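To start, the structure under review is shown below, and the notes come after it.
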Amino acid sequence: MRIATWNVNGLRARQDFLLAWLRLREPDVVVLQELKLHDTQFPHELFAAAGYQAAVHGQKSWNGVAVLAKKPVAIVQLGLPGREEQGARLVTAEVEGVAVSSVYIPNGKHTGHEDFPGKLAWLDALAAHLAAAHRPDAALVVGGDFNVCPAPLDSWNEAALRGHIFHTDEERARFQRLLDQGLFDLFREKNPSAREFSWWDYRGGAFHKGEGLRIDFLLGSAPLLARLRSVTIDREWRKKQAGLTASDHAPVIAELD
DNA sequence: ATGTCGGAATTATTCCGA
């Protein structure tokens with residue numbers, strides 16, 4: 001099984017780009033973030049024609065998450081309980097016996113912004129929800145854009161950015177609390193010292209200067225880790241393809257037995 | 001160069017969020 005996560009930064013702007021990538025990589029399951037459309041605008045027919053069905057939790061204009069899969073998807077959860085006012089940021093579906101969640105953690109803007117405590121509260125609520133809804137011995141994947149840089153190795157410039165947004169002890173402690181629910185950072189498990197990033201700002205030529213962050217993760221429970229062969233970050237798809245603009249995030253792909 | 005994007009509100013221009 002090949003499972004991926006990708007923040008597409010607007011599905012309507014990215015659908016041709018995404019379809020080209022699906023044809024090339026042929027993932028079995030993909031969790032998407034930042035759809036930026038309402039459920040009713042999701043192009044189910046387009047993805048069905050490409051061989052995928054979707055569980056979608058969207059909203060007008062912003063946020064929005066989905067689970068795409070070649071096999072049937074059964075919706076388990078729409079929205080993070082108690083945190084719906086922060087937007088459509090969680091959907092969980094069961095696919096081939098695996099509970100698959102797509103999450104889009106609030107950005108928080110900066111540590112002095114009123115959104116920052118909201119981000120921490122959302123992460124607290126996610127840890128509580130996972131503890132209540134999932135057993136650590138069951139097959140679970142939580143993939144998405146976490147908007148947290150868990151360790152210095154995950155940042156292009158830890159020295160300058162430590163203590164700033166994505167790089168605070170508060171965010172990192174809460175990311176660790178997610179792992180404490182019995183989850184593993186699948187990329188890091190297979191690539192313990194790799195300095196690779198999944199997001200680069202559109203501005204200032206950040207991609208070409210190597211100024212990125214690793215903030216997109218596939219977290220998996222022990223049964224998934226036992227099946228894990230490899231994890232890659234598909235940075236070629238952060239580049240323009242045949243004249244089509246890329247997202248500011250690259251896909252992350254895990255290969256499972 | 002805070003140097004770009006996507007989307008909304010509004011009618012090609014400005015704002016917001018990331």
Side-chain angles (χ1 to χ4, degrees), chain A residues 5-21 30-43 46 56-66 80 83-90 102-123 126 143-150 154-157 160-161 163-168 170-171 174-175 197-217 233-252:
Chain A
T5 182
W6 201 358
N7 178 325
V8 294
N9 187 27
L11 184 61
R12 283 169 290 183
R14 210 71 60 216
Q15 64 184 32
D16 293 342
F17 198 91
L18 174 56
L19 287 165
W21 179 81
V30 188
V31 297
L32 302 173
Q33 302 85 39
E34 281 209 83
L35 303 178
K36 296 188 177 181
L37 48 69
H38 193 271
D39 302 32
T40 55
Q41 298 173 293
F42 190 90
L46 204 61
V56 180
H57 186 40
Q59 66 176 89
K60 187 183 175 187
S61 310
W62 310 113
N63 309 309
V65 286
L80 180 59
R83 290 276 138 195
E84 291 88 350
E85 77 286 354
Q86 285 171 273
R89 296 177 177 276
L90 181 144
S102 181
V103 296
Y104 177 44
I105 278 71
N107 177 290
K109 297 190 175 69
H110 58 85
T111 57
H113 196 279
E114 63 178 5
D115 284 6
F116 185 65
K119 175 182 193 173
L120 301 180
W122 203 96
L123 283 161
L126 178 60
D145 174 1
F146 288 72
N147 277 322
V148 176
C149 227
D154 301 314
S155 175
W156 71 277
N157 194 349
L161 297 174
H164 291 87
I165 195 76
F166 299 10
H167 298 70
T168 67
E170 295 99 318
E171 291 162 292
R174 283 164 178 83
F175 185 83
F197 307 132
S198 64
W199 172 85
W200 297 260
D201 201 306
Y202 279 125
R203 296 167 291 189
F207 181 72
H208 297 287
K209 291 193 275 189
E211 298 177 352
L213 303 175
R214 194 173 72 94
I215 56 175
D216 298 271
F217 304 100
I233 299 179
D234 202 356
R235 81 187 284 290
E236 281 304 302
W237 287 77
R238 174 60 179 77
K239 301 174 183 175
K240 203 172 271 260
Q241 300 283 336
L244 297 173
T245 302
S247 170
D248 47 354
H249 295 253
V252 182

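Worth saying up front: this structure is predicted, and the values here are computed from it rather than measured. Throughout, protein chains are lettered first and strands after them, A, B, ... in sequence-line order, and every chain is numbered starting at 1.
- For A/E170, the salt bridge (charged side-chain N to carboxylate O under 4.0 Å, His left out) criterion is met by no residue, not counting sequence neighbours.
- Only the P atoms considered, B/dG17 is 16 Å distant from B/dT10, to the nearest whole Å.
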How would you summarise protein contacts on nucleotides 5-18 of chain B per nucleotide, using B for base, S for sugar-phosphate only and - for none, with heavy-atom distances below 4.0 Å?
SBSSS------B-B

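- Judged as a salt bridge (charged side-chain N to carboxylate O under 4.0 Å, His left out), and not counting sequence neighbours, A/R238 has no contacts.
- In terms of the salt bridge (charged side-chain N to carboxylate O under 4.0 Å, His left out) criterion, A/D16 has no residue partners (sequence neighbours excluded).
- A salt bridge does not link A/R174 with A/E171: none of the charged nitrogens is closer than 4.0 Å to a carboxylate oxygen.
- Under the salt bridge (charged side-chain N to carboxylate O under 4.0 Å, His left out) criterion, A/D154 pairs with A/R188, A/R214, not counting sequence neighbours.
- Rounded to a whole angstrom, the distance from the P atom of B/dA8 to that of B/dT2 is 29 Å.
- Computed from coordinates, the A/E211 CD to B/dT4 C1' distance equals 14 Å when rounded to whole Å.
- For A/R89, the side-chain hydrogen bond (donor to acceptor under 3.5 Å, both in side chains) partners are A/N63, not counting sequence neighbours.
- Separating the P atom of B/dG6 from that of B/dT11 is a span of 24 Å, rounded to the nearest Å.
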